[in-house]
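Step one of this worksheet: look at the structure below.
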Number of protein chains: 2
Amino acid sequence: MDRVTLRDVATRAGVSVMTVSNVVRGYRHVSPRMRERVQAAIDELGYRPNLSGRSLATGRSSVLALAVPDLRRPYFAELAHVFARVSTARGYRLLLEETGGTPEGERSVLRDLEAGIVDGVVIQPQALTAAELEGLRRDTPLVFVGEDPRPPTADQVAMDNVVAAEEALAHLVAIGRRRIGFLGHEIDSLSRPSELRIEGYRRGLERAGLLFDEALLVPRGQGDAVGAEQALGSALDAGLAVDGLLCRDDLAAVGALRALQLRGFAVPGDVAVIGWDDIEFAASTVPSLTSVAPDTRALGERALELLLERMDDPERPGRQVTVGHRIVARESAPARQPWSVPTEPSSSVIADRTASGSSTAESSARRSATGRELRTTSHAATFSPVADLGASGSS
Amino acid sequence: MDRVTLRDVATRAGVSVMTVSNVVRGYRHVSPRMRERVQAAIDELGYRPNLSGRSLATGRSSVLALAVPDLRRPYFAELAHVFARVSTARGYRLLLEETGGTPEGERSVLRDLEAGIVDGVVIQPQALTAAELEGLRRDTPLVFVGEDPRPPTADQVAMDNVVAAEEALAHLVAIGRRRIGFLGHEIDSLSRPSELRIEGYRRGLERAGLLFDEALLVPRGQGDAVGAEQALGSALDAGLAVDGLLCRDDLAAVGALRALQLRGFAVPGDVAVIGWDDIEFAASTVPSLTSVAPDTRALGERALELLLERMDDPERPGRQVTVGHRIVARESAPARQPWSVPTEPSSSVIADRTASGSSTAESSARRSATGRELRTTSHAATFSPVADLGASGSS
DNA sequence: ACTCACATTTGTAGCGCTATAAACTGCGCC
DNA sequence: GGCGCAGTTTATAGCGCTACAAATGTGAGT
């Protein structure tokens, strides 16, 4: 049983291939009778259009590519999820490419994806400079996501890292923290996100009248939770004293929680901790993690929009889009401190206790827990919450 | 600047298109001089072969598809990562498809991916029955991963859930647990993984001379950590008493840790907890999580091998491959109990303290922590550890 | 009846590539 | 010189689909 082709259907239905093609593509000017007849033949033969043929004829493939450093990082998995959803909704399939965050990986993606198999590419670069990216760019429409520098003529979507870090710092200050560290940046070459977040951290300190102290910057080795745990652990053992910690990402924050708790520091009692990315786990650590939440859904949606628009008009000038964020206050740095006299909240911060459904469990707990989730609004771009898109179960 | 085509290169080099094609594909019988000349033209023009054209001519696309329920679940992200790596290593690109774990999602994937755009599909079904899957199957080579039932004529790769659950239970028994619960299965329709894991749980109880008690099965609502936390929380508040807990997956285990700790139960002191999947976070929770670790790398590799073999010979009989697993013992259920007189370990369990690099940090801790990671070997299929494949940084 | 406007249907010519086999090279050998 | 042979190069015919334009049908208006 060979593949069923347009011609087979046409023969079966006794019409021309073009008519079948018209039916398949939903061309308007096909009479109902004809449409019905052709559809019957399609169903009988189980015809499926061959996308390679279509692609060759139209010059479009309806496939987009997303290139991220590593799918195993929850943030990228979330991004891929969102992008897959929005792409599918617009009739595109998704080719996934991992760059490994290396120059070769990013180069190979940009080089190979020009092969006419994808209509456009969304990439989160991490290793290549803007100049290199520009050199590799050809005529496949391209959108950059994330904060790393990109060619000025290209489109980019990112959140405002500086402002968000500044807000996170204000949050810590508002709950009385004065010795606030930054955990998780890179030792040798500062990544762009770290750079921007540290910049916001500095501005936040400044605005609060606190002094910047290089000793409170704790780099990590490996870019994972274990690396952060070890780095912070060593620093604490060496005498680091902080009462607040802004972490480069939630992975670092999770490592920080461990390092702190293993040493008997209470979180947030002794040290308040804020992470970044608001990964799903942030709600389930002990204590749950206050985190800077980028509007990942908006990020994915805007990236797709920019990409489609660029596919439409490759010559349009490059645009830079900023998506919203918010600070999701949970137990590791609650908006108010339940264990002490409430401090005056910062004027720009609005505490808003959300119903979480866990109140029953908590109310009868042997020891009381703090609220599951408190949100503070952000003054950045509008935030559209990531709706739960279904799916259950695991392996 | 239009796309450069084979013809352009041929004209430029003054040869036929076939010769250019031969050079591009690395055909043997091309003289060195000719190869050089053509290559020069290719480089000058920046020619990239159009994969749609190639695909149409050859009937193959060098694209494989992976369909999983939801990329946001760490297990699937890991699987996608592994599969992307091995596919790339074999010269294939990866199309990613999320089914949402719904019948429609799985149906649409199976239906659409027959469109000649992919050479083969690896799918982890979750909602469809074997009969439905068989009905949807056409001639695109297909490999199933995971435990869910699949058509008997198809290939499948999975770990041995029953044996692994039995081992996990033996582990809990070996450290003195007698009232062991199972957390996280589905309420209405039991998923196949849950079913098998509960079966292993029962066998483990039996083998240990313990009675199965329906009351110790705690289903969860939402298939995430929060759902598990709420479910276990309610059960505990209603009087559930356990000293050990086998969780359906690590997400459930993470939720369990929170539910237990918020109620003042010590883990593992009062309740030992074992998760499933050994996601990256398992090493960084407090306490770190003992978990059943499937050999995901082997899973991905074997799935690809089966797929390639089936692409080679679509008529070969369906095969069922079992990949290895191990129980990674961490703090939530250590191989020995550091807080009490060591119990006699089960004969099949070999404790093996691994160097983790965190000993320095821990040795100077204000309060001592238990070892980071203890591994118990499994008697199941050979385990090939998941090598770290690089990549660093986050958002 | 005839025309015109419009809707519907159909031939034809590629899209860029490769499979196939035919057409060339040389070159050694009878 | 002619022949066979292995190594190269090339002409041609599609792969399955769609763009385009041309051809056909249909009904209203005159």
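Per chain, numbering begins at 1; letters A, B, ... match sequence-line order. Here the structure is a predicted model, which means the values were calculated and not measured.
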Rounded to the nearest angstrom, tell me the gap between atom CD1 in A/Ile117 and atom P in C/dC17.
-> 13 Å
Applying side-chain contact (heavy atoms from CB on, under 4.5 Å) to A/Leu51 and not counting sequence neighbours gives A/Arg54, B/Ala115, B/Ile117
Closest approach of B/Met311 to B/Pro141 (non-hydrogen atoms, all atoms of both residues) = CG-CG, 3.5 Å
Nearest-angstrom distance from the residue atom CZ of A/Arg33 to P of C/dT8 | 13 Å
Starting at atom CG of A/Leu6, determine the distance to atom P of D/dA19, rounded to an integer number of angstrom.
-> 12 Å
Distance below 4.0 Å between B/Arg54 side-chain N/O and C/dT18 OP1 or OP2 | yes
So which protein nitrogen or oxygen atoms get under 3.5 Å of nucleotides 22-28 of chain C's nitrogens or oxygens?
none

Got a sec, which pairs hit ring-ring contact (aromatic ring centres under 6.0 Å, His included) with one end in residues 35-54 of chain B, sequence neighbours left out?
-> none
Donor-acceptor under 3.5 Å (B/Asp8 side chain, B/Thr5 main chain) = yes
Gap separating the NE2 atom of A/His81 from the CG atom of A/Leu71, nearest 0.5 angstrom | 13.0 Å
Which residue pairs satisfy the salt bridge (Lys or Arg N to Asp or Glu O under 4.0 Å) criterion with at least one member in residues 87-104 of chain B, sequence neighbours excluded?
-> A/Asp112-B/Arg93
Between atom CZ in A/Arg25 and atom C1' in D/dA19, what is the gap in whole Å?
-> 8 Å
Would you please say whether a donor-acceptor pair under 3.5 Å links the side chains of A/Ser52 and A/Ser55?
-> no
Residue-phosphate contact under 4.0 Å: B/Thr5 side-chain N/O, C/dC17 OP1/OP2 | yes
Applying side-chain contact (heavy atoms from CB on, under 4.5 Å) to A/Pro151 and not counting sequence neighbours gives A/Leu133, A/Glu134, A/Arg137, A/Phe144, A/Thr153, A/Ala154
A/Arg25: what forms a side chain to side chain donor-acceptor pair (under 3.5 Å) with it, not counting sequence neighbours?
-> A/Ser21, A/Asn22
Side-chain donor-acceptor pairs under 3.5 Å in residues 27-34 of chain A, sequence neighbours left out?
residue, atom, partner, partner atom, Å
A/Ser31, OG, A/Met34, N, 3.3

Could you list the protein-to-nucleotides 21-23 of chain D atom pairs, N/O on both sides, closer than 3.5 Å?
none

Sequence neighbours excluded, the answer for side chain to side chain donor-acceptor pair (under 3.5 Å) partners of A/Thr99 is none
Results of side chain to side chain donor-acceptor pair (under 3.5 Å) for A/Glu36 - residues two or more places apart only = none
Computed from five pairs at either end and rounded to 10 degrees, the angle between the axes of the helix from C/dA1-D/dT30 to C/dC30-D/dG1 is 60°
More than 12 heavy atoms of other groups within 6.0 Å of B/Arg60 CZ | no
Nucleic acid footprint by protein, nucleotides 7-15 of chain D - heavy-atom cut-off 4.0 Å, B for base, S for sugar-phosphate alone = -SBBB--BB
